[in-house]
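Please read the structure below before turning to the comments.
The chains referred to below are lettered A, B, ... by the order of the sequence lines, with proteins before strands, and numbering in each begins at 1.
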Number of protein chains: 2
Amino acid sequence: MTTQVSPGTGSAPEPPPGGPRWLDAEEQRAWRAWLYSSQLLNDRLDRELTRATGIPHAYYEILVQLSETPERQMRMSELADRCLSSRSRLSHAVSRLEERGWVRRQVCAEDGRGLLAVLTDEGFAALEAAAPIHVEGVRTHLFDQLTPEQVAAMRDLGETLLRHLDPS
Amino acid sequence: MTTQVSPGTGSAPEPPPGGPRWLDAEEQRAWRAWLYSSQLLNDRLDRELTRATGIPHAYYEILVQLSETPERQMRMSELADRCLSSRSRLSHAVSRLEERGWVRRQVCAEDGRGLLAVLTDEGFAALEAAAPIHVEGVRTHLFDQLTPEQVAAMRDLGETLLRHLDPS
DNA sequence: GTAGCGTAGTTGAGCGCTTGACTATTCCGC
DNA sequence: GCGGAATAGTCAAGCGCTCAACTACGCTAC
């Protein structure tokens with residue numbers, strides 16, 4: 001959780017020139033609060049969604065991305081990128097969604113290497129059933145807890161980090 | 001990722017009385033930024049730590065928690081709680097750390113049911129080697145990107161959410 | 001003391017993810 | 001057009017997590 005080996009460990013290993021830039025007490029608190037809360041929130045939302053609908057959050061995201069596209073279909077690679085997923089992971093996930101009849105693969109006319117993932121009507125129906133559960137969780141566990149100023153700060157923070165982490 | 005089924009889907013399913021409290025555009029942006037950034041940051045830190053040291057972040061946390069205790073040992077249940085881990089998950093993880101020689105189990109004198117997880121010298125050494133890598137990642141990908149005001153906002157946000165999610 | 005219940009921790013099956021190797025197709029330069 | 005590099009996607013092995021069932025011990029009351 002923390003990044004300090006142990007309080008008062010004295011001398012420490014030194015990877016970057018000048019030694020590790022240890023966190024001070026304030027940074028530790030901020031880091032832990034962020035880490036714990038993000039972990040708990042994600043766990044909670046995923047568990048509630050999965051329990052209520054049988055759809056894990058990662059699969060839900062795939063369905064959402066497909067549903068937001070005009071033709072309800074997308075190239076596998078682009079879908080992977082949008083879901084912050086590796087190609088391999090997405091390939092496995094789409095296989096399982098295919099077994100449920102929610103998505104099907106279609107060969108891509110313009111590129112013989114490519115495939116399209118297509119959201120089926122059953123998949124869209126499953127998404128429609130799951131969405132209210134999920135949005136209610138986000139409300140309850142996130143937005144209901146925050147002031148408008150905190151929501152603004154959250155967005156600012158997230159977008160700042162995204163510029164560094166995902167400069168796409 | 002998002003919580004809306006599809007823009008302009010019109011009527012939607014209604015689980016809570018009054019219909020789902022959908023997110024408005026601002027909330028969507030905030031939610032997505034938070035979700036993506038936390039996911040990318042966690043993935044990145046975990047990957048860098050694992051590549052450089054062979055220790056996944058979840059295992060690192062176990063070692064840290066043990067190291068911060070005076071005797072470098074802790075009851076399994078308490079360790080699970082502190083690591084935001086289920087008993088089962090922790091049990092599996094400690095088994096693997098035991099195989100590496102970094103932790104060992106010890107019967108608990110006061111409670112015949114209980115076990116203590118004890119950090120070995122090898123485990124402490126592994127932690128000492130990994131800590132600088134991890135702290136450098138947190139610096140680079142988090143604190144170096146943020147102003148002091150943003151750090152304060154992050155802590156405030158995290159602690160607010162924790163009061164709701166983990167009122168322990 | 002023993003029945004019944006709660007707590008501590010483990011185990012095994014099954015699922016999902018990661019990694020790295022693999023096939024197939026397209027793109028590029030000559 | 002043809003050879004080599006890049007791109008799209010898949011697959012298998014191995015690891016870690018979840019869930020539910022299980023063992024073992026302690027606690028309380030009768």
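Within the cation-pi definition used here (under 6.0 Å to the ring centroid, within 45° of the axis), R72(B) qualifies as a partner of F124(B).
Within residues 106-117 of chain A, the residues having any heavy atom under 4.0 Å from DNA chain D are, by residue number, R113(A), G114(A), L115(A).
Rounded to whole Å, atom P of dT18(D) lies 13 Å from atom CG of N42(A). Taking atom CD1 of residue I62(A) and atom P of nucleotide dG9(D), one finds them 13 Å apart after rounding to whole Å. Atom CE of M76(B) and atom C1' of dA24(D) are 15 Å apart (whole Å). The separation between D46(B) atom CG and dC17(D) atom C1' is 13 Å, rounded to whole Å.
Of the options R21(A), E27(A), E26(A), a side-chain contact (heavy atoms from CB on, under 4.5 Å) to L23(A) is made by E27(A) and by none of the others.
We find that R32(A) and E61(B) are not joined by a salt bridge, their nearest charged nitrogen and carboxylate oxygen being 4.0 Å or further apart.
The shortest distance between the side-chain N/O atoms of R105(B) and the OP1/OP2 oxygens of dT10(C) is below 4.0 Å.
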Detail all sub-3.5 Å separations between protein N/O atoms and N/O atoms belonging to nucleotides 15-19 of chain C.
residue, atom, partner, partner atom, Å
dG16(C), OP2, R96(A), NE, 3.2
dC17(C), OP1, R89(A), NE, 3.3
dC17(C), OP1, R89(A), NH2, 3.3
dT18(C), O4, H92(A), NE2, 3.4
dT19(C), OP2, R47(B), NH1, 3.2
dT19(C), O4, S88(A), OG, 2.8

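Among residue pairs with one or both ends in residues 159-168 of chain A, those qualifying as salt bridge (charged side-chain N to carboxylate O under 4.0 Å, His left out) are R155(A)-E159(A), E159(A)-R29(B); sequence neighbours excluded.
The shortest distance between side-chain heavy atoms of Q39(A) and L165(B) does not fall below 4.5 Å.
Between the side chains of H141(A) and E48(A), a donor-acceptor pair is found at a separation under 3.5 Å.
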